[in-house]
Colleague: 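Before anything else, here's the structure in question.
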Amino acid sequence: MPHPSHVKIGPSILAADFARLGEEVEAAARGGADYIHVDVMDGDFVPPITFGSQMIEAIKPYAGGLPLVIHMMVTEPARQVEDIAKAGGDIIVIHAEACADLAGTVAAIRKAGVQAGIAVKPETPIDPILPFLDDIATALLMTVNPGYGGQPYIPEVEIKIAEMRKLIDERGVDVDIEVDGGINENTIEQVVQAGARLLVAGTAVYGRPEPVPERIALLRELADGALAD
């Protein structure tokens, strides 16, 4: 079951064992995750190619009812929205930099019956997201350059997180700030204190000697501690 904490932990299956993906998703769901983060990459917007709608459909039964947040690192994601929604995506997050018609793409996601999110790269200001704060569930501020997992965290993004937190609070809109990239036990407190509430953790959860539930519990303890400060 999702944890009642105000901060939510979303393991990224990009860091999981692809040969055991169903088991890895199930381990996160049973281990206290709040959602599962799925990176869809097309080899164009970012160099790697990863998952598509078939993979999303395949892992959905293993998620134990947790939401699947689909991070679309693809050029012109509107072409994929309907398939991703049908496959089981609960929130579809698109990159502002990847859409010729951002408003039309957000509208297409909502029309498909799922929630929308907008992501920006570390060097992109938050400005493209602001006109859509009444239409989206998630603002994803990348804390690494999109593409490969395991990159070092970019601390300068904390300024953008704090700026977004202030605007969301002032407007009273129901939008979560998500961060993705380099989130681990050394960086999680900073992003929470800056204002992030959805925390993507890849290599900080998967591929460690400790079991997945133990890793999630550690990150949650640090996040909750930072929220209480």
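Everything quoted here is computed from the prediction, not taken from an experiment. The figures that follow rest on heavy atoms only: side chains count, while hydrogens, waters and symmetry mates do not. We're numbering straight along the sequence, starting at 1.
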Colleague: Are Leu167 and Glu170 packed together at the side-chain level, in the sense that at least one heavy-atom pair is separated by less than 4.5 angstrom?
Modeller: yes
Colleague: Report the residues that fulfil side chain to side chain contact (heavy atoms under 4.5 Å, CB included) with Glu221, sequence neighbours left out, ordered by chain and then residue number.
Modeller: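 Partners of Glu221 under the side chain to side chain contact (heavy atoms under 4.5 Å, CB included) test: none.
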Colleague: Who clusters with Leu198? Use side-chain heavy atoms, under 4.5 angstrom, across I, L, V, M, F, W and Y, and order the result by chain and number.
Modeller: Tyr35, Val69, Ile91, Val93, Leu140, Met142, Val144, Val200
Colleague: Is the shortest side-chain heavy-atom distance between Ile84 and Met72 below 4.5 Å?
Modeller: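 Side chain of Ile84 against side chain of Met72, heavy atoms only: contact under 4.5 Å found.
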Colleague: Any chance you could pull the hydrophobic cluster mates of Tyr148, using side-chain heavy atoms under 4.5 angstrom and chaining through other members?
Modeller: none
Colleague: Would you mind reporting whether Met55 and Leu21 have side-chain heavy atoms less than 4.5 Å apart?
Modeller: yes
Colleague: Kindly determine whether Arg215 and Glu185 satisfy salt bridge (charged side-chain N to carboxylate O under 4.0 Å, His left out), including the steps that lead there.
Modeller: CA-CA 9 Å; Arg215 295 299 305 175; Glu185 57 267 42; 2.9 Å; yes
Colleague: Let me confirm one number: the CG-CG distance from Leu219 to Asn184, rounded to the nearest 0.5 Å.
Modeller: 8.0 Å
Colleague: Any chance you could lay out the side-chain contact (heavy atoms from CB on, under 4.5 Å) test for Ile56 and Val40, step after step, and finish with the verdict?
Modeller: CA-CA 9 Å; Ile56 292 164; Val40 175; 4.2 Å; yes
Colleague: Of Leu199, Ile161, Thr187, which meets side chain to side chain contact (heavy atoms under 4.5 Å, CB included) against Val192?
Modeller: Leu199
Colleague: Would you mind reporting whether His95 and His71 have side-chain heavy atoms less than 4.5 Å apart?
Modeller: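 In short, these two side chains touch, coming nearer than 4.5 Å.
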Colleague: Among side-chain atoms of Glu97 and Thr124, is any donor-acceptor pair under 3.5 angstrom?
Modeller: yes
Colleague: Walk me through it: do Lys8 and Asp176 pass the test salt bridge (charged side-chain N to carboxylate O under 4.0 Å, His left out)?
Modeller: CA-CA 10 Å; Lys8 295 181 179 179; Asp176 281 315; 5.1 Å; no
